[in-house]
Amino acid sequence: MGNAEHQGALAKGEVLPRPASSQSEGFKQGRSVLNSLLSGAFAGAVAKTAVEAYKLIYRTYLKDGFFSLWRGNSATMVRVIPYAAIQFCAHEQYKRILGQYYGFQGKALPPVPRLLAGSLAGTTAALITYPLDMVRARMAVTPKEMYSNILHVFVRISREEGLQTLYRGFTPTILGVVPYAGLSFFTYETLKKLHAERTGRSHPYSYERLVFGACAGLIGQSASYPLDVVRRRMQTAGVTGHTYGSISGTMREIVAEEGVIRGLYKGLSMNWVKGPIAVGISFMTFDLMQILLRKLQKNS
């Protein structure tokens, strides 16, 4: 359409067709978001399934029977899958937005935006899925007679304690997620960048991605663990008899009763085993799924 025709059409109030290039760009962006969601969901499911082997299966089996091994697992998977999907998808979008803002589109971000992208991604995922985390925490510390299923937990908490209880402990969660997600994504992306510079290979091998992810999980988890302990205590306060009012108050009470190491870092050594493995599997699976989906789309 010529310039005169273009102006005439606008004057008549006609809706002009969207340029083909713009339509194509929008389609690619939408497909990228979908790929990230699917890859993230699959990564979260695979990682969580793999680390279940580290649980005390035999002792639980002897104490409560065979089906007790899956108590709370449905709540865990219902939370993990959307959390991972949202977090990885959000991270890709934040990287794109920050890349455009700082002029690094399609390239590795500088350190500060790299850290910011991870923190924002974790915060976004936590904000959306936190009630599911509350449900998982309740089912993990209560007798099986108290809650029969996930829906029952939601109903009883809402009726007996109020809807606001579903977000109890949210503040320490966010305070923990910011360093955890930020440092995890930052470490993983940094190790991949250093690897590419040293080896000249832009795509690390699968086992290298696993190691990079494990290092990321180890660093992120160690930095945020005390706040994770505070979060769990505040989430389960309604059924354990404690009344934790604030983050600082909860932390002081834990330290006073149990000490710093045994209180705020209780269970960290066990998490050093399963946590980095889970994060490593998650990062590796996400990257490999992204590569696979892109190849399938090119061949289709």
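Scope of the values below: all heavy atoms of this structure, side chains included, with no hydrogens, waters or symmetry mates.
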Could you tell me if the side chain of [Y] sits less than 4.5 Å from the side chain of [X], heavy atoms only?
{"X": "Arg209", "Y": "Thr285", "value": "no"}
{"X": "Leu109", "Y": "Glu189", "value": "no"}
{"X": "Tyr188", "Y": "Lys192", "value": "yes"}
{"X": "Gln87", "Y": "Phe286", "value": "no"}
{"X": "Tyr265", "Y": "Val229", "value": "no"}
{"X": "Tyr180", "Y": "Val279", "value": "yes"}
{"X": "Ser222", "Y": "Trp272", "value": "yes"}
{"X": "His195", "Y": "Tyr205", "value": "no"}

Rounded distance [0.5 Å steps], [atom1] in [X] versus [atom2] in [Y]:
{"X": "Arg294", "Y": "Ser39", "atom1": "CZ", "atom2": "OG", "value": "8.0 Å"}
{"X": "Ile277", "Y": "Ser282", "atom1": "CD1", "atom2": "OG", "value": "13.5 Å"}
{"X": "Tyr102", "Y": "Leu116", "atom1": "OH", "atom2": "CG", "value": "6.5 Å"}
{"X": "His91", "Y": "Thr124", "atom1": "NE2", "atom2": "OG1", "value": "11.0 Å"}
{"X": "Ile128", "Y": "Ile86", "atom1": "CD1", "atom2": "CD1", "value": "4.0 Å"}
{"X": "Arg156", "Y": "Glu161", "atom1": "CZ", "atom2": "CD", "value": "8.5 Å"}

Hydrophobic clustering (ILVMFWY, side-chain heavy atoms < 4.5 Å, transitive) - are [Y] and [X] grouped together?
{"X": "Leu166", "Y": "Val153", "value": "yes"}
{"X": "Phe42", "Y": "Leu37", "value": "no"}
{"X": "Leu163", "Y": "Ile157", "value": "yes"}
{"X": "Val230", "Y": "Leu268", "value": "yes"}
{"X": "Leu175", "Y": "Val177", "value": "no"}

Do [X] side-chain atoms and [Y] backbone N/O form a donor-acceptor pair below 3.5 Å?
{"X": "Ser36", "Y": "Cys89", "result": "no"}
{"X": "Tyr130", "Y": "Arg168", "result": "yes"}
{"X": "Tyr225", "Y": "Lys266", "result": "yes"}

If I compare all heavy atoms of [X] with all of [Y], which pair ends up nearest, and what's the gap?
{"X": "Leu98", "Y": "Pro113", "value": "CD1-O, 3.5 Å"}
{"X": "Gly220", "Y": "Leu183", "value": "CA-CB, 4.2 Å"}
{"X": "Ala278", "Y": "Ala47", "value": "O-CB, 3.2 Å"}
{"X": "Leu288", "Y": "Ser206", "value": "CD1-OG, 3.7 Å"}
{"X": "Ala126", "Y": "Tyr83", "value": "N-CE1, 3.5 Å"}
{"X": "Phe88", "Y": "Ala43", "value": "CE1-CB, 4.2 Å"}

(message) Between Thr165 and Arg138, is the side-chain contact (heavy atoms from CB on, under 4.5 Å) condition met? List the steps.
(response) CA-CA 11 Å; Thr165 303; Arg138 282 295 181 91; 3.9 Å; yes

(request) Apply the side chain to side chain contact (heavy atoms under 4.5 Å, CB included) test between Val178 and each candidate in Leu120, Thr173, Thr123; give the one that qualifies. (result)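 Among Leu120, Thr173, Thr123, the one meeting side chain to side chain contact (heavy atoms under 4.5 Å, CB included) with Val178 is Thr123.
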
(request) Let me know which of Leu191, Asp287, Thr190 forms a side chain to side chain contact (heavy atoms under 4.5 Å, CB included) with Phe212. (result) Leu191

(request) Flag the pair Lys193 and Glu197 as a salt bridge only when some basic side-chain nitrogen lies within less than 4.0 angstrom of an acidic carboxylate oxygen. (result) yes

(message) Between Arg233 and Glu258, does any side-chain N to carboxylate O distance fall below 4.0 Å?
(response)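 Salt bridge present between Arg233 and Glu258.
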
(message) Around atom CZ of Arg198, are there more than 12 heavy atoms from other residues, nucleotides or ligands closer than 6.0 Å?
(response)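 Open: at most 12 neighbouring heavy atoms sit under 6.0 Å from CZ of Arg198.
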
(message) Within a 6.0 Å radius of atom OH on Tyr167, are there more than 12 heavy atoms belonging to other residues, nucleotides or ligands?
(response) yes

(message) Ring centres under 6.0 Å, that's the criterion: do Tyr94 and Tyr101 meet it?
(response)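 Ring-ring flag for Tyr94/Tyr101: false, centres at least 6.0 Å apart.
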
